[in-house]
Number of protein chains: 2
Amino acid sequence: MNLNKYNQIYQSLSSDIVEGKYEAGDVLPSEHKLLRQFGVSRETVRKALSLLQENGYIQKMKGKGSVVIYNPSMNLTVSHLTSFKEVQAQQTRVYTTVVHTMEKIEAGEVPHVQSALDLKGETLLWQLVRQRKYEGKTHIVDMDYFIHDMMPGLTEEIAQDSIYEYIEKRLGHSISYSHKEITFKPMTELDIELFGPVTPPYTANVKSVVHLSDATPFQYNVSKHLASEFRFVDFSRRFTGE
Amino acid sequence: MNLNKYNQIYQSLSSDIVEGKYEAGDVLPSEHKLLRQFGVSRETVRKALSLLQENGYIQKMKGKGSVVIYNPSMNLTVSHLTSFKEVQAQQTRVYTTVVHTMEKIEAGEVPHVQSALDLKGETLLWQLVRQRKYEGKTHIVDMDYFIHDMMPGLTEEIAQDSIYEYIEKRLGHSISYSHKEITFKPMTELDIELFGPVTPPYTANVKSVVHLSDATPFQYNVSKHLASEFRFVDFSRRFTGE
DNA sequence: GAGTGGTCTAGACCACTTG
DNA sequence: AAGTGGTCTAGACCACTCC
């Protein structure tokens with residue numbers, strides 16, 4: 001896919017770290033050694049190292065070197081922009097997906113979605129409600145709105161598998177960024193119907209508006225998790241320029 | 001503070017965007033124009049633009065330009081690594097801080113903290129509990145553990161003001177990154193004492209382990225928010241190299 | 001002083017978008 | 001064809017750490 005050099009170096013080093021060839025506290029080879037090892041210029045090595053630093057694998061220290069800070073115990077759960085299926089791959093639990101609702105509606109019927117996706121009232125949307133089940137119990141409910149004309153060929157089979165894979169591989173779109181919001185809400189009647197009676201009757205809601213790389217907003221998603229089970233893990237740096 | 005060129009350009013452009021000189025959808029001047037305007041090389045301009053992109057201000061598009069995607073309505077609340085006081089500055093609400101507890105304990109007494117900060121059992125810790133109040137009501141409770149010997153001169157006045165300011169400006173340490181975890185928990189007895197009786201008796205807990213730029217873990221913090229009021233906003237990009 | 005990462009430059013070639 | 005951003009290079013000078 002990504003055949004540029006710094007990405008290859010990033011892949012190589014990050015796999016080494018994840019696989020334990022370097023442990024937390026170890027120092028990576030110096031930039032000078034890496035540029036000889038990979039046969040590239042220094043700036044190219046530095047781009048790869050910057051990515052490792054941004055993503056929480058290393059901490060670069062002037063005069064010392066690049067120290068590994070990655071710890072396998074930090075499994076980034078809901079964090080970052082990944083579809084449900086992609087998140088699953090990193091996790092132990094394997095959920096089954098049940099498509100509860102899949103219908104076409106007009107954006108005007110859901111004003112909050114219409115404004116979040118910046119649409120006209122007449123725009124057709126796919127409305128989806130999907131349950132994520134594990135051992136017969138619903139743990140997550142996903143409510144999604146997609147722009148219909150962007151994916152008129154959407155089927156229940158695709159919705160059950162991975163819509164992101166469909167969008168990227170079949171339709172050739174590039175999913176790029178999202179704005180997320182996490183809140184804590186009492187269950188609605190629909191929630192209780194889908195989750196069954198649970199205590200407390202609250203959900204952790206991860207709302208996101210997802211954009212393509214041409215900045216088009218194309219998905220409005222609310223992912224509802226049982227409040228008692230919810231866990232969001234994140235790595236963040238201070239001052240990436242601010 | 002940060003007198004390097006790409007940071008200055010970043011500051012200049014990000015302020016322009018926040019102040020509305022560029023609106024969402026506008027295209028920034030091209031890299032070529034910017035490098036002439038700022039009198040720097042192209043890579044330097046590109047570093048500034050990359051920071052803007054990482055932080056959700058712009059989306060760069062090959063062949064087109066750098067399009068502004070920042071919308072003033074997205075106020076990043078708890079997001080990113082900022083101390084309580086710094087977060088406050090971006091917000092409308094101004095809380096008052098009440099120091100409820102401030103005492104020295106041994107790390108061995110709080111095993112989860114000891115392991116998270118990677119300490120010996122005998123290491124002395126500052127244990128702090130602080131209430132964040134607004135109009136007489138407690139909205140947030142912060143529970144903190146700091147390594148005592150790193151800041152033996154900590155006082156209640158500092159704890160009431162800003163510990164981060166003290167660490168960075170007085171002690172000259174550089175706070176660098178953190179791992180965060182968000183969960184929802186039923187209130188403990190202490191919570192009820194500090195928040196008073198509220199419905200639902202749940203808190204949103206933001207737990208973080210904060211590290212200095214030499215990778216030393218120095219703070220264990222649990223920030224408890226009233227669940228019904230909690231809102232965490234985040235901007236995230238897909239594939240920053242992965 | 002030798003080795004490390006941080007910043008910056010000037011120039012090259014490529015891929016994409018728009019007229 | 002002209003303009004845009006994406007990648008990469010070779011080299012420079014600096015600040016910091018460690019011996």
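Per chain, numbering begins at 1; letters A, B, ... match sequence-line order.
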Rounded distance in Å - CG (A/Asn7) to P (D/dT7): 8 Å
Hey, is B/Arg231 close enough to A/Glu181 for a salt bridge, meaning N to O under 4.0 Å? yes
Are any side-chain N or O atoms of B/Gln160 and backbone N or O atoms of B/Thr97, one a donor and one an acceptor, separated by less than 3.5 Å? yes
Among C/dC8, D/dT9, D/dG6, which is the nearest nucleotide to the side chain of B/Asn4? C/dC8
Shorter than 3.5 Å, N or O on both sides, protein versus nucleotides 12-15 of chain D: list them out with atom names.
unit_1: D/dA12; atom_1: N6; unit_2: A/Arg42; atom_2: NH1; d: 3.3

Quick note, B/Lys64 side chain, CB onward, closest among C/dG5, C/dT17, C/dT7 is C/dT17
From the candidates C/dT9, D/dT7, C/dT4, the one with an atom nearest any side-chain atom of A/Tyr6 is D/dT7
Given atom CD of A/Glu31 and atom P of C/dG6, what is their separation to the nearest angstrom? 6 Å
Angle between ring planes, B/Tyr57 versus B/Tyr10, binned at 30° and 60°: parallel, tilted or perpendicular? perpendicular
Atom CG of B/Asp214 to atom P of D/dT17: distance rounded to whole Å? 10 Å
Does OP1 or OP2 of C/dT9 have a side-chain N or O of B/Thr44 closer than 4.0 Å? yes
Of the nucleotides D/dT7, C/dG6, C/dT9, which has the atom closest to the B/Arg46 side chain? D/dT7
Heavy-atom closest pair (B/Glu23 atom, B/Val68 atom, distance to 0.1 Å) is O-CB, 3.4 Å
Between B/Ser236 and A/Lys180, is there a side-chain donor-acceptor contact under 3.5 Å, judged purely by atom types and distance? yes
Partner set under side-chain contact (heavy atoms from CB on, under 4.5 Å) for A/Leu124, not counting sequence neighbours: A/Glu106, A/His148
B/Ser66, nearest nucleotide to its side chain (from D/dC8, D/dG5, C/dG6): D/dG5
Atom CE of A/Met61 and atom C1' of D/dC18: how far apart are they, to the nearest Å? 14 Å
I want to confirm an ordering. Mapping B/His32 and A/Val40 to their closest nucleotides on DNA chain D, which one lands closer to the 5' end? B/His32
If the condition is side-chain contact (heavy atoms from CB on, under 4.5 Å), which residues does B/Asp118 pass it with, not counting sequence neighbours? none
Measuring from the side chain of A/Lys5 (C-beta onward, heavy atoms only), which nucleotide among C/dG6, D/dT9, C/dA10 has the closest atom? D/dT9
Where the side chain of B/Ser30 is concerned, which of C/dT4, D/dG5, C/dT7 is the nearest nucleotide? D/dG5
